[in-house]
Amino acid sequence: MPELPEVETVCRELQKSLIGNKFTQIITLRDKIREVIPDLSGLEGAKITAVERRAKYIIINGKLIIHLGMSGTIAIGAPKERKKHDHVVFELSNGEEMVFNDPRRFGLVTLYNDKYFAALAPEPLTPEFNAKYLAKTLKNRKTPIKTAIMDQTLVVGVGNIYASEALFRSRINPTTPANKVKNHALLINNIKQVLEEAIESGGSTLRDYVRSSGNLGYFQHHHNVYGREGKPCIVCKTTIAKITQAGRSSFYCPTCQR
DNA sequence: CAGAAGCCCTGAAGGC
DNA sequence: TGCCTTCAGGGCTTCT
């Protein structure tokens, strides 16, 4: 499912494909996905000059907001037959089209509204997200550290997969109360590292994927603990455990992460 | 106010 | 083979 690295990679691909183009016609194929899809016709005709990412949101020309939810994909290419779960079609001035498809409809296609961004925490890949900030933010939180770093008001973009991976690298048990975590610098560095590595591998993986299918949004990474319950830890061979925290699966090594 | 739980939704996977 | 149940989860709302 798309987390920050996937969204960042999609965003970079969209910059290449969209900037300089215009949306000539925007066709909405369903009333609502996560939210009602508003009238997007006001976006037609303007030259596209900016494609940005904030948290897991994609922002086009400061006006159009796209969120991939957990099953959203964006395809750009020559017009083709509509597929199941195609929700919005953006026809482009170069004759291609950008299609938003999302089976589970957790995604979002809408107009800019500050309510999506007002409460968001710092971006993880900025200097603002540092050990001092983390220490301050975790100080009075008793919630498990895994739940805390997935909180978008603490840091944005870290989803279920990279939360587990960053904690594994930091040798921190996901159930540790947030205010008991000691090595903030280590955790900060590992969060940045797993995200940066994923962006790097995503770039090359996705380019191939786009070439063959035109789809943006999904690609596979190698994970050390995520999805590996019952398998041996890559460090110590202990069986990787799976638990549920705040309704989400967490994966960890009971030996390495104490 | 923090923290947990419920909800939205469909498709894949597993059980019988 | 095929039906049924369970699980997956981002982010919001509701509850305790």
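Note that these values count all heavy atoms, side chains included, but never hydrogens, waters or copies made by symmetry. Throughout, protein chains are lettered first and strands after them, A, B, ... in sequence-line order, and every chain is numbered starting at 1.
Classified by interplanar angle (parallel below 30°, tilted 30° to 60°, perpendicular above 60°), the ring pair A:H223/A:Y162 is perpendicular.
When the P atom of C:dG10 is taken as reference, atom CG of A:L68 falls 12 Å away, rounded to whole Å. Distance, A:E229 CD to C:dC7 P: 12 Å, rounded to whole Å. Atom CD1 in A:I161 sits roughly 12 Å away from atom P in C:dA8 (whole-Å rounding).
When every heavy atom of A:F168 is checked against every heavy atom of A:C253, the shortest pair comes out as CE1-CB, 4.1 Å. Among all heavy-atom pairs drawn from A:E81 and A:D86, the shortest one is O-OD2, 4.5 Å.
A sub-4.0 Å separation between OP1 or OP2 of C:dA8 and a side-chain N or O of A:S71 is absent. Look at A:Y226 and you'll find a side-chain N or O under 4.0 angstrom from OP1 or OP2 of C:dG9.
Within a 6.0 Å radius of NZ in A:K192, other residues, nucleotides and ligands contribute more than 12 heavy atoms.
For the residue pair A:K84 and A:N101, no side-chain donor N or O sits within less than 3.5 Å of a side-chain acceptor on the partner.
The closest donor-acceptor contact from the side chain of A:Q245 to the backbone of A:P174 lies under 3.5 Å. The backbone N or O of A:I172 sits less than 3.5 Å from a side-chain atom of A:Q257, completing a donor-acceptor pair. Between the side chain of A:R171 and the backbone N or O of A:L167, no donor-acceptor pair lies under 3.5 Å. No donor-acceptor pair under 3.5 Å is formed between the side chain of A:H67 and the backbone N or O of A:I58.
Contacts between chain A and DNA chain B, taken as any atom within less than 4.0 angstrom of a protein heavy atom, begin and end at B:dG3 to B:dG11.
A heavy atom closer than 4.0 Å to some atom of DNA chain B occurs in A:R141, A:K142, A:T143, these being the qualifying members of residues 139-147 of chain A.
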key: Trace of the side-chain contact (heavy atoms from CB on, under 4.5 Å) decision for A:L68 with A:K56   = CA-CA 8 Å; A:L68 298 172; A:K56 296 173 197 167; over 6 Å; no
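A:Y116 shares a hydrophobic cluster with A:Y57, A:I59, A:I65, A:L108, A:Y112, A:F117, A:L120, A:V156; the chain of contacts runs through ILVMFWY side chains whose heavy atoms sit under 4.5 Å apart.
Inter-axis angle, ends of the helix from B:dA2-C:dT16 to B:dC16-C:dG2, five pairs per end, rounded to 10 degrees: 50°.
Here A:K32 lies out of heavy-atom contact (under 4.0 Å) with every strand.
A:L195 contributes atom CG, which lies 12.5 Å from atom CD of A:E200 (distance to the nearest 0.5 angstrom).
Listed by chain and residue number, nothing satisfies the salt bridge (charged side-chain N to carboxylate O under 4.0 Å, His left out) test with A:E35 (two or more places apart in sequence, or in another chain).
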Kindly give the atom pairs (protein nitrogen or oxygen, nucleotide nitrogen or oxygen) under 3.5 Å for nucleotides 11-13 of chain C.
from, atom 1, to, atom 2, distance (Å)
C:dG11, OP1, A:H67, NE2, 2.6
C:dG11, OP2, A:K56, NZ, 3.3
C:dG11, O6, A:R248, NH2, 3.1
C:dC12, OP1, A:Y57, OH, 3.2

